[in-house]
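What follows is a short report on a single structure.
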Amino acid sequence: MESTNPQEQSKRSEWLSFLIICVFLFPILSVVFVGGYGFIVWMLQLIYGPPGHSI
Amino acid sequence: MLSKLKALWRTMTRPAKHISLGVLTLGGFLAGVIFWGGFNTALEASNTEEFCIGCHEMRDNVYVELQQTVHWSNHSGVRATCPDCHVPHNWTDKIARKMQASKELWGTIFGTIDTREKFLAKRLELATHEWDRLSANGSLECKNCHEYASMDWDAMSEVARTQMEQAAERDQSCIDCHKGIAHELPESMAAASGALAGLQRQATSRFNPGQQYFSIRQLPLFTDSALSQEAGILNSGSVITVVAQQGDALQVEIDGWRKTKGFGRVINEEFGQNIREVTLEKEVATDDSMIQGFEVQEDPLTGLPWQRVSFQLWMGKDDLVDDREILWQEASELYVKNCSTCHSQPEEAHFDTNTWPGMWAGMLSFVNLDGDTQELVLKYLQKHSSDYSDGHH
């Protein structure tokens, strides 16, 4: 049942955007960033050798 | 489709008209909490043994081998699981390792080691990756549980203590000596373990004063006949002369040369040659009443003065032989067997005595020799170097 009321319409799309951001966009971006960070560290390890002593 | 995306983008980039700031923040906050929890749960779930042995490559090869070792079952009931040793514990390195596992996914998909034969053929390469990693971080994952500082030397056998104390002093990487502790060694490297046991069976039990004897392995020296005050360590393959016997102890004389720089803890067999014979404790090395000094000569190559010294200490009666050739024969076999696996080994006389220690140290990470054996073979190489043979470079 598509609502024709523009007020209702924009409220719906606001909630939809909010859910998309919270449930899909940001979690996926987070995983991509962390994964990308790990990948970069791995590539650096390939160039500079495995990590050494921390102390 | 495109217009819908555009509409969505417009809504996202504008202030909300209908949803309050409080509801948005609460929603974002809750979603964040759930995500954070989920992320860590997933990270932990992929850090369990069940996860690791989910692939038959792990379950049928390395996991089975682990079950025969002390890291699987032992008297204290503590055991190591796959990630304890193979996944770095600090966050950045852990994430990098997780990404690196994409290579393992690749391997699973394309069946790189999907049979035992393929795995065995690739074992050396795979093991070398882990050894490189553990060498670089000083065996950090081992040291998460095992600490030099917490080791009780008195609870160890004398053989273990002699090696461990030296390793602790240098904060040595565990993997230097303990390759193959949790999984089988690559085929080409399995031969050397327990190499000195054969020599120990040929050890002398009768000692005559005035006669020379030779150490099979690194042996502790003491200042007293009760063998309680440690004075230093006699290196593998070194010469001592028996002075007297008392119960289970031998009084021995050791002659050698040391550089007059520093404390002079290292006693070498001959002038100008870095063939280590004894490493003395600092207190003993600096005690003039214990160490008799003779003439001083300057080494023309390094400009360092060397002094001839002689001293008498006490030691146990185990692991000495009366013929040095017995040692050289074993060492020569070990040298050929271990080194020829990868390359044709250089002739003993290809290098001079003072070059061998560096050459040897550079090669040690490719073989699996314990400290006693390393030193014995090094001494063999030094004593058969170009300095001691004719007609070589």
Side-chain angles (χ1 to χ4, degrees), chain A, chain B residues 4-20 23-36 38-40 42-43 88-103 128-141 143-144 171 173:
Chain A
M1 255 218 346
E2 194 85 342
S3 162
T4 42
N5 184 347
Q7 193 78 356
E8 277 297 303
Q9 179 79 33
S10 85
K11 192 171 179 179
R12 266 175 59 88
S13 63
E14 245 174 43
W15 275 108
L16 189 68
S17 312
F18 177 60
L19 287 178
I20 288 174
I21 291 172
C22 261
V23 179
F24 298 106
L25 186 64
F26 283 6
I28 290 170
L29 275 180
S30 307
V31 171
V32 166
F33 277 128
V34 172
Y37 172 67
F39 188 80
I40 289 166
V41 174
W42 174 25
M43 289 301 124
L44 290 177
Q45 286 176 1
L46 287 183
I47 299 166
Y48 297 106
H53 293 264
S54 49
I55 313 152
Chain B
K4 274 198 175 170
L5 274 177
K6 271 186 177 164
L8 195 66
W9 179 250
R10 218 178 301 125
T11 320
M12 281 181 185
T13 48
R14 284 183 192 163
K17 270 186 283 187
H18 306 280
I19 314 174
S20 73
V23 170
L24 283 177
T25 312
L26 180 70
F29 184 81
L30 287 178
V33 169
I34 292 165
F35 173 79
W36 186 245
F39 186 82
N40 276 320
L43 209 60
H89 295 203
N90 92 46
W91 195 83
T92 292
D93 293 338
K94 183 194 262 183
I95 296 297
R97 185 62 188 85
K98 297 275 173 209
M99 293 313 292
Q100 204 183 339
S102 52
K103 239 179 125 180
T128 306
H129 292 161
E130 278 307 88
W131 293 334
D132 286 347
R133 189 175 65 76
L134 290 165
S135 294
N137 70 13
S139 297
L140 182 63
E141 283 71 37
K143 290 174 182 171
N144 284 331
D171 193 19
S173 181

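Everything quoted here is computed from the prediction, not taken from an experiment. Excluded from the calculations below are hydrogen atoms, water molecules and symmetry mates; all remaining heavy atoms, backbone and side chain alike, are included. Proteins come first, then strands; the chains are lettered A, B, ... in the order of their sequence lines, and each starts at number 1.
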Please examine the side chains of B:S102 and A:F39, heavy atoms only from C-beta on, and report whether any two atoms are closer than 4.5 Å. no
Hey, are the side chains of A:I20 and B:L8 touching, using non-hydrogen atoms and a 4.5 Å cut-off? yes
Residue, of B:H129, B:K94, B:K17, that accumulates the most heavy atom pairs under 4.5 Å with chain A: B:K17
Name the member of B:M99, B:R10, B:M12, B:R133 that forms the most heavy-atom pairs with chain A at distances under 4.5 Å. B:M99
Once you round to the nearest 0.5 Å, how far does [atom1] of [X] lie from [atom2] of [Y]?
| X | Y | atom1 | atom2 | answer |
| --- | --- | --- | --- | --- |
| A:F18 | B:T11 | CZ | OG1 | 14.0 Å |
| B:D93 | A:W42 | CG | CH2 | 14.5 Å |
| A:Q45 | B:T92 | CD | OG1 | 9.5 Å |

Between [X] and [Y], what is the shortest heavy-atom contact and its length?
| X | Y | result |
| --- | --- | --- |
| A:S30 | B:F35 | CB-CZ, 3.4 Å |
| A:C22 | B:G28 | SG-CA, 4.0 Å |
| B:H18 | A:Q7 | CE1-NE2, 3.5 Å |
| B:A96 | A:V41 | CB-CG1, 3.6 Å |

Check whether [X] gets within reach of chain A through its side chain, its backbone, both or neither, counting any heavy atom under 4.5 Å.
| X | value |
| --- | --- |
| B:K98 | neither |
| B:A31 | side chain |
| B:W91 | side chain |
| B:I34 | neither |
| B:S173 | neither |

The interface call for A:L19 against chain B, heavy-atom contacts under 4.5 Å, is neither
Among A:L46, A:V34, A:L44, single out the residue with the greatest number of heavy-atom pairs under 4.5 Å to chain B. A:V34
